Structure formats: C-alpha cells, structure tokens
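All values reported here derive from a predicted model rather than from experimental measurement.
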Amino acid sequence: MGDTPKIRFKGFADAWEQRKLSDFTWASGKRNKEDLNLEPYAITNEHGFIPQNKAHDEFGYMKNTDRKAYNIVTPNSFAYNPARINVGSIGYYEGTENVIVSSLYEVFQTADYVDNKFLWHWFKSDEFSKWIGRLQEGSVRLYFYYDKLCECQILMPSVAEQKKIATSLDHLDYLITLHHRKCDEIKELKKYMLQKMFPQNGEKIPEIRFEGFTGTWEQCKLGEITDILSASRVHKEEWKTEGVPFFRSSDVMAAFKRTKNDKVFISQELYEKLSAISGKPQQGDIFITGGGSIGTPYIVPNNEPLYSKDADLIWVKKSKKHDPFYLYSYFISPIFREYLLSISQTGTIAHYTIEQVKKTPVFFPSLEEQQKIGVYFSDLDHLITLHQHKCDTLKEVKKFMLQNMFPQKG
C-alpha cells in the first residue's frame, strides 16, 4: 500500500512517518470538582461538539445533574463517546472558553507537531475505522477507550503538508455545510409559503398573493374538473428488469423524499395491451398515493412510456381547467393535509380511495394565477434539488479524498 498517499499536493515528496497516537496525545479531561458554571456540550456524529441543549443525545440534557461529575474540556481538545465512536461520534473543540462534557466521554489533546484539523479528518477516514474494528472490545456493547486509541498507528507527513491537507478538506466541509444550509433555508421558505399561498380557515383568498391578482378563489370537487382514473393491475410475476418503467407507490414516495428505489419494468407488449384499456400517462398527470403515506403526489415529467398501477396509487389526469404544478403544490399544502385528517375517523386515514379523491375539495384561482403559483413552487423544488445534489456530490468528493489523501495500510 505504501507510505505515501495516492493524491498529494505539488511540492511534497517526502515519505510519511508512522507514529502511534500514544506518541503525541495525552488524556486531558479533568473533573469539574469546583462545580464551575461551564456550558455542557455533547458530541454528535454529524457536527461534533454542540451545546447539549441542542443535541438529541442518548444521555440527555444535563440540566438537573451534578456537574461536578463531568469533565472539563479546554480549547483545542478532542472528545469522543467510546460506545459510539464506531459511528463517528468524535469531536474537536475549537471554542475559546472551557466547557464540560459527560464523564462517559474520553478527552485528549495533541502535541505541537500535529495539526489538529489534519488529525480530525483522519478520524473520519476508513483507515481509522479499521483500527476501531480491530481494537474495540466488549460483549453486548463494544467500547473503544482511550487506551485503545493510543494503540492506533498513523502515517503522518510534515506539519506543512498536514495543514495543506486539512485546509483542502476544511474547504470541502465548508461547501457541504453551505449547500446543506441553503437547502434547509429553501425548505423552510417553501413550508411557510405553502401555509400562506392557499386559503386557510374558511377564507376564499390566501394571505400572500402575486401582484395583479384579485377576486375570490373557487372551491370545487376534484372530480368535477378532471378525470380520476385507475388502471389494470400488474402482478409481480410480470415485472421485468428492463422495458417500460412501472411506477408504484414506493416510487412516488422515493421521488417525494428524493431517495432511491429499486426500479421495476414491464414488457413493451404488456404496456401496449394494458394501456389500450386505461390509456397512457401524459406529462402533467399526477399520481397520488392511496395507501401507506396517504396523499403523496408525483407529477409525470414527460410523455415517455410509463405505466402505473398498484393497489395504492390513484391517477389524476391533466385537464385544461387546472395547472398540474399548482395542483401538485396543493396536494402538499397544509390545507390538503387538514382535509385528509378531517375525513379520518381515528386521526389517521387508512386508505384514500378513488371516490374520496373525486370528492376532495380544491381551491382554484384563475388558470393564470395557478400557473404563477405552480412555477413558483416548481422553482423552489428545483433549487432544493440543486443544493441537495451539490451537497451529495461534494460528500462523494470528500469521501474520495479521504480514501486517497491518507496512505492505506493493509
């Protein structure tokens, strides 16, 4: 495997030196015996050190506990949960004031010839995960205490190269955080606008409206303005690994949550046979789930061959009376969610039938205003997808860099 990484910055050529962590770390956690009024922190897998009142930590918030039993963490210290380090529960504290953490955490510091951010990124690498797998101990639950950490070995370059690597990976972390934050901000904006751009509480106009539009909105049943259809059932033995995509309720949920789902297909021959009976989905048609997570919509993006029929999917056809992106947005709005709750006898509707879909009341402004609203929410979805894609791509880049910027040993 070698003693140098696959990827290096220009100007660095020396071999990396192997060291044990016992050579340059020492346990630094001290009990808060004087009961100092220091802020309690926790360690999370995703973000490292965060104030404990913001963490959903298995040990809970220390509001009513004896803080004298907890450990003081000074700036530029590492801390980790020995029972959860295998899932990344380690943090590096860069604050300027002392804080305290649970006595269950291991706390340590490093020598001057180690760049702490370089070491922090190594702790997130596959190489460190291998050491955890080899050295953790226990029966029912596995632990990785500080004495085991000291047995780990790491190949280290000069401090200058350490800093170069750390700066590069820090920049990737910054970009990942930036796109993640942008994504969350747009999701919050979308949530807020879905509450404000549709009439609420018996009103006939929304609180927020595009300039130039006046007059009340018309409420009518969905079955009065478009066709609500079903289609011939496809049995599991008719599924294929290629051909015409067969869209199921699980595919609708995956599209809505932006997650992956195993693709299923049917033959071209079966598609033509079944579509001769029920017709073919067209761009702007909407599928809506009738079971599972009730009322989740999916808008058909184009006119490419697509078939959809399972027990829990209802087909809402596009019509000249409504804009498909407006109707899709309506299906994810609070007013629609409240309607689903109102037709439930138990607080949770077990199934949303085709007849119930036909009777669903929907507010409609003019087609022009519908289109304006539909484009607005479609643009928000595009931005969410864009930032999520950027975030995922950067995470893959970082994963690749972690695998190739540190030498791999055996």
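For the pair Glu137/Lys148, a side-chain contact is recorded, criterion being any heavy-atom separation below 4.5 Å from C-beta on. Residues Trp217 and Arg209 are in side-chain contact: their nearest non-hydrogen atoms beyond the backbone lie under 4.5 Å apart. Between Phe78 and Val73 the shortest side-chain heavy-atom distance does not fall below 4.5 Å. The side-chain heavy atoms of Pro75 and Asn98, taken from C-beta on, include a pair separated by under 4.5 Å. You'll find the side chain of Lys33 stays beyond 4.5 Å of the side chain of Lys68, heavy atoms only. Under the 4.5 Å side-chain criterion, counting only non-hydrogen atoms from C-beta, Leu119 is in contact with Ile154. In this structure, Leu135 and Phe144 have side chains that are in contact, with non-hydrogen atoms separated by less than 4.5 Å. Using a 4.5 Å heavy-atom threshold, the side chains of Ile335 and Tyr330 count as touching.
Checked against a 6.0 Å centroid threshold, the rings of Phe325 and Tyr376 do not count as neighbours. The six-membered or imidazole ring of Phe128 lies near that of Trp122, with a centre-to-centre distance under 6.0 Å. Ring centroids of Tyr41 and Tyr93 are separated by less than 6.0 Å, placing the two rings close together. Tyr298 has its ring centre no less than 6.0 Å from the ring centre of Phe256.
A salt bridge links Arg19 to Glu17: one of the charged nitrogens lies within less than 4.0 Å of a carboxylate oxygen. We find that Asp35 and Arg67 are not joined by a salt bridge, their nearest charged nitrogen and carboxylate oxygen being 4.0 Å or further apart. The existence of a salt bridge linking Lys164 and Glu161 is excluded, since no basic side-chain nitrogen approaches an acidic carboxylate oxygen closer than 4.0 Å. Taking the charged nitrogens against the carboxylate oxygens, Asp323 and Lys372 have no contact shorter than 4.0 Å, which rules out a salt bridge. A salt bridge links Asp251 and Arg248; the closest N-O separation between the charged side-chain nitrogens and carboxylate oxygens is under 4.0 Å.
Defined by atom type and a distance below 3.5 Å, a donor-acceptor pair is missing between the side-chain atoms of Asp184 and His387. Between the side chains of Ser333 and Gln195, no donor N or O sits under 3.5 Å from an acceptor N or O. Under the 3.5 Å distance criterion, with hydrogens and angles disregarded, a donor-acceptor pair is assigned to the side chains of Arg258 and Thr385. Judged by distance alone, the side chains of Ser230 and Lys309 do bring a donor and an acceptor atom under 3.5 Å apart. Side-chain contact check for Asn261 and Ser250: at least one donor-acceptor pair (N or O, by modelled atom type) lies under 3.5 Å. His180 and Thr177 share no side-chain donor-acceptor pair at under 3.5 Å. One side chain, Tyr146 or Thr25, offers a donor N or O that lies under 3.5 Å from an acceptor on the other. Looking at Tyr352 and Thr360, their side chains do bring a donor and an acceptor atom within 3.5 Å of each other. A donor-acceptor contact under 3.5 angstrom links the side chains of Asn116 and Thr110, judged on distance only.
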Could you go step by step and tell me if Tyr145 and Ile85 meet the side-chain contact (heavy atoms from CB on, under 4.5 Å) rule? CA-CA 10 Å; Tyr145 292 109; Ile85 194 171; over 6 Å; no
Show your working on side-chain contact (heavy atoms from CB on, under 4.5 Å) between Phe247 and Phe287 and close with a plain yes or no. CA-CA 9 Å; Phe247 222 66; Phe287 300 138; 3.9 Å; yes
How far apart are the C-alpha atoms of Leu149 and Phe123, what are their side-chain angles, what is the distance that settles it, and do they pass the side-chain contact (heavy atoms from CB on, under 4.5 Å) test? CA-CA 11 Å; Leu149 182 86; Phe123 284 140; 4.0 Å; yes
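Qualifying side-chain hydrogen bond (donor to acceptor under 3.5 Å, both in side chains) partners for Gln370, counting only residues two or more places apart in sequence or in other chains: none.
Within 6.0 Å of the CZ atom in Phe210, the count of heavy atoms belonging to other residues, nucleotides or ligands exceeds 12. More than 12 non-hydrogen atoms from other residues, nucleotides or ligands lie less than 6.0 angstrom from CD of Gln282. Around the CZ atom of Phe400, the shell of radius 6.0 Å holds no more than 12 heavy atoms that belong to other residues, nucleotides or ligands. Remark: Lys182 NZ is loosely packed, at most 12 non-hydrogen atoms of other residues, nucleotides or ligands lying under 6.0 Å away.
Contact record, Phe118 with Pro157: CZ-CD, 3.7 Å, taken as the closest heavy-atom pair. When all heavy atoms of Val99 and Glu39 are compared, the closest pair comes out as CB-O, 3.3 Å. Pro245 and Pro305 get closest at one heavy-atom pair: CD-O, 3.4 Å. Nearest heavy-atom pair across Arg337 and Ile294 is NH1-O, 2.9 Å. Listed here is the closest heavy atom pair of His121 and Leu402: O-CD2, 3.5 Å. Contact detail for Ile299 and Pro324: the closest heavy-atom pair is CD1-CB, 3.6 Å.
A donor-acceptor pair under 3.5 Å is formed between the side chain of Thr393 and the backbone N or O of His389.
Ring planes of Phe331 and Phe336: perpendicular class, angle over 60° (limits at 30 and 60°). Ring geometry for Tyr271 against Tyr307 counts as perpendicular: the plane angle is over 60°, on a 0 to 90° scale with 30° as the lower cut. Ring planes of Phe24 and Tyr113: perpendicular class, angle over 60° (limits at 30 and 60°).
A cation-pi geometry, defined here as NZ or CZ lying under 6.0 Å from the six-membered ring centre and within 45° of its normal, does not hold between Lys240 and Phe265.
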